[in-house]
There are 2 protein chains.
Amino acid sequence: MPVIPDEFLDLMAEKFRMLADPTRLAILRALMAGERSVGQVVEETARNQANVSKHLKMLAEAGLVSRRKEGLQVFYKIDDPLVERLCHLVCETIVEEAREGMDRRRALLDGWGGEGRSRG
Amino acid sequence: MPVIPDEFLDLMAEKFRMLADPTRLAILRALMAGERSVGQVVEETARNQANVSKHLKMLAEAGLVSRRKEGLQVFYKIDDPLVERLCHLVCETIVEEAREGMDRRRALLDGWGGEGRSRG
DNA sequence: TGACTTGTTTCCCAATCAGTAATATAGTCG
DNA sequence: CGACTATATTACTGATTGGGAAACAAGTCA
């Protein structure tokens, strides 16, 4: 378990910052299915074009996605294997927390074991 | 490979946002070695106390760390297994990117194979 | 009680950020 | 060339953020 060096903190924070916005996550989610043009991403994310374009630029500059131009269109795709892994990790955690929350509520209703644990 | 639901995007963004700051990462790094009092964290992170206290509060509210009071001191510890996994993933990536960068620079100097690949 | 220690909170400031509308660029087609 | 399409950029706004100083709260000890 190596200790994280000081000089890494800023770089790490920058990576995380890229993922710390719902619009960017929506964009990345769209790109997880494969390469997409800006227009396609705009459709799938239901955000306006300028907004998507700006976020795509940020993601590209951070090295998370790559750009390819073809005629009028520009295609982006995920270029950092880290992205999907991080997203899925966090996603799973949220699912788990949601389930824990549900379990806790149900346990309260049921009375925490002991008396009458009938479930019907 | 499940698709990320819309309602998750904000929750995911919030998790990532907590990790998107160098000071918070420094604090978490200190806590990775085990439970620490606020004062200890202040020392290890070389930030002032009000600042550390504020960030610890954010982390606690986000559920990433837990609080325990004992006399005058307050002890915090990491309470979300996700934290270390995310940090190490990102950390490894940065190491790898740094190495790739070095390889690329060295390749330029060496002339990319072919002529005279003597190294002494 | 009052001095002291440890942490927390409040207030303020400068910086950053996300979203939007308008404008600009670049490529295609006639 | 001009009309059109896809994308990028700029200018602006309101909201959020991180940091610092100072006041505040809580616990200890004499």
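Throughout, a chain's letter reflects where its sequence line sits, starting with A, and its residues are numbered from 1.
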**Request:** Choose from C:dG7, C:dA18, C:dT6 the nucleotide whose nearest atom is closest to any side-chain atom of A:Asp21.
**Result:** C:dA18
**Prompt:** To the nearest Å, how far apart are B:Met58 CE and C:dT8 P?
**Reply:** 15 Å
**Backbone of B:Thr45 reached by a side-chain donor or acceptor of B:Arg47 within 3.5 Å** = yes
**Message:** Would you say A:Arg24 places a side-chain N or O within less than 4.0 Å of OP1 or OP2 belonging to C:dA18?
**Reply:** yes
**Request:** Write down the distance between CD (A:Glu43) and C1' (D:dA6), rounded to a whole number of angstrom.
**Result:** 13 Å
**side-chain N/O A:His55 vs C:dC17 OP1/OP2, d < 4.0 Å** = no
**Message:** Any side-chain N or O of A:Ser53 below 4.0 angstrom from OP1/OP2 of D:dA8?
**Reply:** yes
**Message:** If I take atom CG in residue A:Asp10 and atom P in nucleotide D:dG18, what distance separates them, rounded to the nearest angstrom?
**Reply:** 13 Å
**Request:** Give a yes or no answer on whether the side chain of B:Arg17 reaches the backbone of B:Lys15 with a donor-acceptor pair at less than 3.5 Å.
**Result:** no
**Item:** For atom CD of B:Gln49 and atom P of D:dG20, their distance in whole Å
**Value:** 13 Å
**Message:** Check whether A:Arg24 reaches the backbone of A:Leu19 with its side chain - one donor and one acceptor, N or O, closer than 3.5 Å.
**Reply:** no
**Asked** Hey, is the side chain of B:Asn48 poking within less than 4.0 Å of OP1 or OP2 on D:dG20, counting only N and O atoms?
**Response** yes
**Prompt:** Do the side-chain N or O atoms of B:Thr23 get closer than 4.0 angstrom to the phosphate oxygens (OP1, OP2) of D:dG19?
**Reply:** yes
**Complete:** Shortest non-hydrogen pair, B:Ala50 vs B:Asn48, comes out as N-OD1, 3.1 Å
**Message:** Does C:dT8 have OP1 or OP2 under 4.0 Å away from a side-chain N or O of B:Tyr76?
**Reply:** yes
**Prompt:** Does a distance-only test, which skips hydrogens and angles, find a donor-acceptor pair under 3.5 Å between the side chain of B:Lys54 and the base of D:dG19?
**Reply:** yes
**Request:** Check whether any side-chain heavy atom of B:Leu25 sits under 4.5 Å from a side-chain heavy atom of A:Phe8, and report yes or no.
**Result:** no
**Asked** Between C:dG7 atom P and B:Arg68 atom CZ, what is the distance in whole Å?
**Response** 12 Å
**Prompt:** Using a cut-off of 4.0 Å on non-hydrogen atoms, how would the nucleic acid contact of B:Phe75 be classed: base, sugar-phosphate, or nothing?
**Reply:** nothing
**Asked** Over how many whole Å does the gap from A:Leu59 atom CG to D:dA8 atom C1' extend?
**Response** 15 Å
**Asked** Given atom NZ of A:Lys57 and atom P of D:dA6, what is their separation to the nearest angstrom?
**Response** 22 Å
**Prompt:** Do A:Arg36 and A:Glu43 meet the salt-bridge criterion of a basic N to acidic O distance under 4.0 Å?
**Reply:** no
**Fill in**
Considering only heavy side-chain atoms of B:Asn51, the closest of D:dT7, D:dG20, C:dA18 is D:dG20
**Prompt:** What are the two closest non-hydrogen atoms of A:Leu9 and B:Arg29, and how far apart are they?
**Reply:** CD1-NH2, 3.9 Å
**Prompt:** For D:dT17, does either OP1 or OP2 sit under 4.0 Å from a side-chain N or O belonging to B:Arg17?
**Reply:** yes
**Item:** Degree of bending, the helix from C:dT1-D:dA30 to C:dG30-D:dC1 (end axes from five pairs; round to 10°)
**Value:** 10°
**Asked** Honestly curious: do B:Val83 and B:Phe75 fall in one hydrophobic cluster under the side-chain, below-4.5 Å linking rule?
**Response** no
**Asked** Rounded to the Å, how far apart are A:Lys69 NZ and C:dA26 P?
**Response** 7 Å
**Message:** Below the 4.0 Å mark, does C:dT8 have OP1 or OP2 next to a side-chain nitrogen or oxygen of B:Arg67?
**Reply:** yes
